[in-house]
S.K.: 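Take a look at the following structure, please.
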Amino acid sequence: MKILGTGSALPKKVVTNDMLSDFLETNDEWISTRTGINTRRIITDERFEDLATEAAGRAIDAAGLCPDDIDYIVCSNVSNLYITPHLSSIIMGNLGIKGPVCPTMDVNAACVGFVQSLDVCDALLATGRAKHVLLVAAEECTRFCDWTDRNCAVLFGDGAGAVVLGKGDNLLASKLTTTPMPDVIVYKNPMEATPFEQRDGIDTHSALVMKGREVFRMAVTTAARDIASVTAEAGLTFDDIDHFLLHQANLRINEAIRENLKQPEEKFPTNVQRFGNTSSASIPLLLDEGVREGRIRRGDTILMSAFGAGFVSGIAILKY
Ligand code: UT7
């Protein structure tokens with residue numbers, strides 16, 4: 001596959017750390033020194049699916065295409081009002097693509113969803129099943145936080161990033177791994193109790209629960225291990241990589257990974273300070289910003305690396 005165009009969209013509401021300390025026992029100093037986050041964008045009166053559609057539309061425009069040229073839509077999403085219908089079908093309708101010729105598919109691989117979906121899209125393009133795939137990563141993370149829990153509520157933000165992919169051989173190498181650790185980051189959907197329940201209560205909905213320190217340790221060790229092996233598999237060294245687009249969860253995690261790779265800071269763009277952790281949208285948001293600002297240019301080599309609930313990790317190296 002190759003990237004034909006990129007796009008993104010963010011909610012307009014900017015929430016500072018100080019605004020959180022109005023109702024949580026927290027403060028700007030704790031949040032900024034432990035995570036790097038200063039502000040985040042939060043959906044208020046926008047509709048989440050409109051934000052996702054806006055990012056998609058921008059990527060289609062940037063690719064020089066129109067919605068009807070898209071023949072497959074893949075959507076990476078963890079947090080969304082709709083469990084069904086899937087978000088990709090909603091985006092398709094919003095874009096005015098009539099169907100039924102364009103299949104749609106949602107991928108939930110937590111914060112790794114965008115990198116994992118690139119692999120899926122590459123296969124769709126390589127086998128000739130599609131010519132132009134729209135891949136949207138859209139997340140409304142602030143709706144799965146318990147807003148009385150300072151451990152989680154301060155970390156997340158909302159946003160959407162998208163790419164349009166066409167046939168090409170620009171994906172140089174990738175590696176996806178899962179280590180079953182179901183307790184490190186958990187969010188359960190509400191489920192109905194049946195009349196046949198034998199237990200006192202059904203274990204149903206809970207807001208996001210996270211073992212932050214364990215996630216931190218896994219993120220750094222997994223990235224250090226896998227980035228080296230994927231770079232070698234692509235026949236490259238770290239010096240050959242122009243941009244390291246790391247999942248934006250915590251600046252300290254990314255700094256630990258960067259120190260391990262011994263690469264200069266300017267190769268590691270960041271947005272977690274402004275947008276918080278936007279889950280699988282964080283990497284396509286970085287990509288689109290880099291492209292729009294002219295920092296990421298055609299021919300550049302990009303390494304993407306993400307980690308998240310599962311425990312899942314994904315690395316991809318590609319030519320832009
Ligand atoms: O996309 C994947 C999503 N998740 C992650 O990537 C999370 C990875 N982990 C992290 O980023 C960090 O572990 C956190 C930012 C979540 C936490 O930082 P930490 O340095 O590991 O702090 P901690 O959880 O060990 O907490 C230290 C202290 C505790 O107080 P005591 O027990 O020392 O008295 C917490 O209760 O900080 C307290 N604390 C807070 N204080 C002020 C926790 N959250 C807050 C808060 N404001 N928001």
Side-chain angles (χ1 to χ4, degrees), residues 15-42 76-79 107-116 137-159 161 176-179 181-187 206-224 226 245-258 268 270-273 275-286 304-315:
V15 175
T16 64
N17 293 341
D18 285 338
M19 288 159 81
L20 299 181
S21 55
D22 286 345
F23 58 90
L24 281 174
E25 201 183 315
T26 189
N27 55 72
D28 176 53
E29 206 259 331
W30 192 96
I31 302 170
S32 55
T33 54
R34 300 271 179 152
T35 69
I37 299 167
N38 301 315
T39 60
R40 71 282 295 138
R41 299 290 187 96
I42 296 188
S76 161
N77 172 255
V78 186
S79 47
V107 171
N108 174 353
C111 306
V112 184
F114 180 77
V115 178
Q116 183 141 339
E139 303 287 7
E140 195 173 10
C141 307
T142 59
R143 301 257 189 225
F144 60 38
C145 297
D146 170 355
W147 282 89
T148 64
D149 175 11
R150 66 177 183 177
N151 289 295
C152 289
V154 304
L155 303 175
F156 292 95
D158 305 323
L176 304 168
T177 66
T178 300
T179 309
M181 294 173 80
D183 296 339
V184 289
I185 307 177
V186 192
Y187 177 76
S206 67
L208 189 78
V209 182
M210 182 172 66
K211 295 181 181 164
R213 288 198 164 191
E214 209 164 327
V215 177
F216 197 115
R217 185 181 54 77
M218 278 297 287
V220 175
T221 48
T222 315
D226 291 346
L245 306 189
L246 306 183
H247 170 48
Q248 303 285 300
N250 184 324
L251 265 195
R252 284 158 57 217
I253 294 178
N254 293 2
E255 190 49 27
I257 296 171
R258 186 181 78 75
F268 293 75
T270 56
N271 64 29
V272 69
Q273 302 94 321
F275 306 152
N277 180 348
T278 52
S279 190
S280 73
S282 84
I283 289 180
L285 280 167
L286 278 180
M304 299 175 176
S305 169
F307 63 88
F311 186 91
V312 180
S313 153
I315 320 267

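Counting starts at 1 for both ligands and their atoms, following the listed order.
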S.K.: Starting from the N and O atoms of ligand 1, find every protein N or O within less than 3.5 Å and list the pair with its distance.
M.R.:
| unit_1 | atom_1 | unit_2 | atom_2 | d |
| --- | --- | --- | --- | --- |
| ligand 1 | 1 (O) | His247 | NE2 | 3.0 |
| ligand 1 | 1 (O) | Asn277 | ND2 | 2.8 |
| ligand 1 | 9 (N) | Gly212 | O | 2.9 |
| ligand 1 | 11 (O) | Asn250 | ND2 | 2.7 |
| ligand 1 | 13 (O) | Gly212 | O | 3.3 |
| ligand 1 | 20 (O) | Arg34 | NH1 | 2.8 |
| ligand 1 | 21 (O) | Arg213 | NE | 3.4 |
| ligand 1 | 22 (O) | Arg34 | NH1 | 3.3 |
| ligand 1 | 25 (O) | Arg213 | NE | 2.7 |
| ligand 1 | 25 (O) | Arg213 | NH2 | 3.0 |
| ligand 1 | 36 (O) | Arg150 | NH2 | 2.9 |
| ligand 1 | 37 (O) | Trp30 | NE1 | 3.1 |
| ligand 1 | 41 (N) | Trp30 | NE1 | 3.3 |
| ligand 1 | 41 (N) | Arg150 | NH1 | 3.4 |
| ligand 1 | 47 (N) | Thr26 | OG1 | 2.6 |
| ligand 1 | 48 (N) | Thr26 | OG1 | 3.1 |
| ligand 1 | 48 (N) | Arg150 | O | 3.1 |

S.K.: Check side chain to side chain contact (heavy atoms under 4.5 Å, CB included) between Asn151 and all other residues, then give those that pass, not counting sequence neighbours.
M.R.: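 So Asn151 forms a side chain to side chain contact (heavy atoms under 4.5 Å, CB included) with Asp149.
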S.K.: For Glu255, give me all partners under salt bridge (Lys or Arg N to Asp or Glu O under 4.0 Å), at least two apart in sequence or on another chain.
M.R.: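 With neighbours one apart ignored, the set is Arg258.
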S.K.: Do you know the tightest heavy-atom contact between Leu24 and Trp147?
M.R.: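 Looks like CD2-O, 3.4 Å.
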S.K.: Pair Ser280, Ser76 - check side chain to side chain donor-acceptor pair (under 3.5 Å), show working.
M.R.: CA-CA 7 Å; Ser280 73; Ser76 161; 2.7 Å; yes
S.K.: Measure across Arg40 and Phe156 and return the closest heavy-atom pair with its distance rounded to 0.1 Å.
M.R.: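 Closest approach of Arg40 to Phe156, heavy atoms only: CG-O, 3.3 Å.
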S.K.: Taking only residues two or more places apart in sequence or in another chain, which ones pass salt bridge (Lys or Arg N to Asp or Glu O under 4.0 Å) with Arg143?
M.R.: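 Partners of Arg143 under the salt bridge (Lys or Arg N to Asp or Glu O under 4.0 Å) test: Glu140.
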